[in-house]
Amino acid sequence: MHILPTISTMFIVISAIFVGFGWYHIVKGNRETHQKLMVFGAIFALAFFIIYMSRTLFEGNTAFGGPESLKLPYHLFLFFHITLATIGGVLGLVTLWFAYKNKFLKHKKIGRVAAIVWLLTAPTGVLVYVLLYLMYPGGTTKPVIDAIFGL
């Protein structure tokens, strides 16, 4: 079992659950509960990012181990997921910043988009995990840190 990818995938799912419930609570007018849930969502997203980047730097990313006929569709889907996750992360940070600065009109406007993107990102991340570690286990590539330093 690949423990770090499993943990990081669980963290991103937990993050999305907090975001979903946080959104529900702001719609219901529960501002304080919304704030707490969104902070927890951000904490779990950050934990995911730290694990993912650490693993990428020191261990490497796992190469797709599926059939050659699925390699291109997998990589296109992976690119879509990475793009979605990057946009979601940036929008999430901007949304948190606006909330911190009490700019709630901007927070609300961008927050809706950020939440939708994040709620789409989590399931695509789970699918990447399933394809990469459960259905078609592959090998690891050279760690980025080794590639950078020529090791």
Side-chain angles (χ1 to χ4, degrees), residues 1-67 70-101 103-141 143-144:
M1 180 178 189
H2 302 278
I3 194 70
L4 290 179
T6 302
I7 292 169
S8 64
T9 301
M10 286 177 13
F11 282 176
I12 212 62
V13 169
I14 292 168
S15 172
I17 290 168
F18 277 121
V19 168
F21 280 113
W23 193 356
Y24 169 82
H25 278 281
I26 199 62
V27 168
K28 294 296 181 185
N30 304 324
R31 190 179 219 175
E32 191 174 310
T33 303
H34 163 78
Q35 182 181 2
K36 289 176 185 175
L37 291 168
M38 291 307 203
V39 167
F40 280 120
I43 289 168
F44 275 96
L46 178 61
F48 158 81
F49 186 73
I50 290 168
I51 291 170
Y52 176 80
M53 289 308 296
S54 298
R55 184 171 179 273
T56 298
L57 284 171
F58 298 109
E59 188 178 318
N61 285 325
T62 303
F64 182 65
L70 292 181
K71 209 170 212 173
L72 178 60
Y74 168 78
H75 282 96
L76 291 173
F77 181 77
L78 180 63
F79 178 74
F80 170 74
H81 166 70
I82 291 169
T83 302
L84 209 63
T86 302
I87 292 168
V90 170
L91 288 174
L93 289 171
V94 169
T95 302
L96 288 169
W97 179 254
F98 283 145
Y100 176 73
K101 289 295 191 177
K103 296 181 178 184
F104 292 113
L105 288 177
K106 290 181 179 180
H107 169 80
K108 181 178 180 180
K109 184 177 181 180
I110 294 177
R112 286 179 179 156
V113 176
I116 290 168
V117 170
W118 205 248
L119 292 172
L120 292 171
T121 299
T124 62
V126 171
L127 186 53
V128 167
Y129 173 82
V130 167
L131 289 169
L132 205 52
Y133 297 101
L134 302 178
M135 290 181 67
Y136 305 111
T140 57
T141 59
V144 172

What side-chain donor-acceptor pairs closer than 3.5 Å can you find for residues 37-45, not counting sequence neighbours?
none

- Okay, side chain of His75, backbone of Lys71: is any donor-acceptor separation there less than 3.5 Å? yes
- Note on the structure: By side-chain contact (heavy atoms from CB on, under 4.5 Å), Ile7 pairs with (sequence neighbours left out) Ile3, Phe11, Ile51
- Message: Just verifying a value: how many Å separate Thr121 OG1 and Ile87 CD1, rounded to the nearest 0.5 Å?
- Response: 8.5 Å
- Is there side-chain contact between Thr62 and Arg55, with heavy atoms separated by less than 4.5 Å? yes
- Message: Nearest 0.5 angstrom please: Ile116 CD1 to Leu84 CG, how far?
- Response: 11.5 Å
- Message: With side-chain hydrogen bond (donor to acceptor under 3.5 Å, both in side chains) as the rule and sequence neighbours excluded, what pairs involving residues 88-99 come up?
- Response: none
- Any Thr124 side-chain heavy atom under 4.5 Å of Leu120 side chain: no
- Note on the structure: Taken in chain and number order and not counting sequence neighbours, the residues that satisfy side-chain contact (heavy atoms from CB on, under 4.5 Å) with Leu72 are Leu76
- Task: List for me each residue that meets side-chain contact (heavy atoms from CB on, under 4.5 Å) alongside Ala99, sequence neighbours excluded, and say none if there are none.
- Result: Phe104, His107
- Note on the structure: Taken to the nearest 0.5 Å, the spacing of Leu127 CG from Leu78 CG works out to 10.5 Å
- Message: Enumerate the side-chain hydrogen bond (donor to acceptor under 3.5 Å, both in side chains) contacts for residues 8-20, please, sequence neighbours excluded, ordered by first and then second residue.
- Response: Ser15-Trp118
- Message: Nearest 0.5 Å, please: how far is CZ in Phe49 from CD1 in Ile12?
- Response: 10.5 Å
Do any side-chain atoms of residues 18-33 form donor-acceptor pairs under 3.5 angstrom with protein atoms, and if so which ones, sequence neighbours left out?
residue	atom	partner	partner atom	Å
His25	ND1	Asn30	ND2	3.0
Glu32	OE2	Lys36	NZ	3.4

- Task: Taking the side chain as every heavy atom from C-beta outward, state whether Thr6 and Tyr133 have any atom pair closer than 4.5 Å.
- Result: no
- Gap separating the NE2 atom of His81 from the OG1 atom of Thr86, nearest 0.5 angstrom: 8.5 Å
- Query: For residues 108-117, which residue pairs qualify under side-chain hydrogen bond (donor to acceptor under 3.5 Å, both in side chains), counting only residues two or more places apart or in two chains?
  - Reply: none
- Among all residues two or more places apart in sequence or in another chain, which pass the ring pair (Phe, Tyr, Trp, His ring centres under 6.0 Å) test with Phe64? Tyr74, Tyr136
- Sequence-distant partners of Tyr52, side-chain contact (heavy atoms from CB on, under 4.5 Å), two or more places apart: Phe48, Thr56, Asn61
- Message: Please determine whether side chain to side chain contact (heavy atoms under 4.5 Å, CB included) holds for the pair Leu96 and Lys101, giving the CA-CA distance in whole Å, both sets of side-chain angles, and the decisive distance to 0.1 Å.
- Response: CA-CA 9 Å; Leu96 288 169; Lys101 289 295 191 177; over 6 Å; no
- Item | Phe77 atom CZ, neighbour heavy-atom count above 12 within 6.0 Å | yes
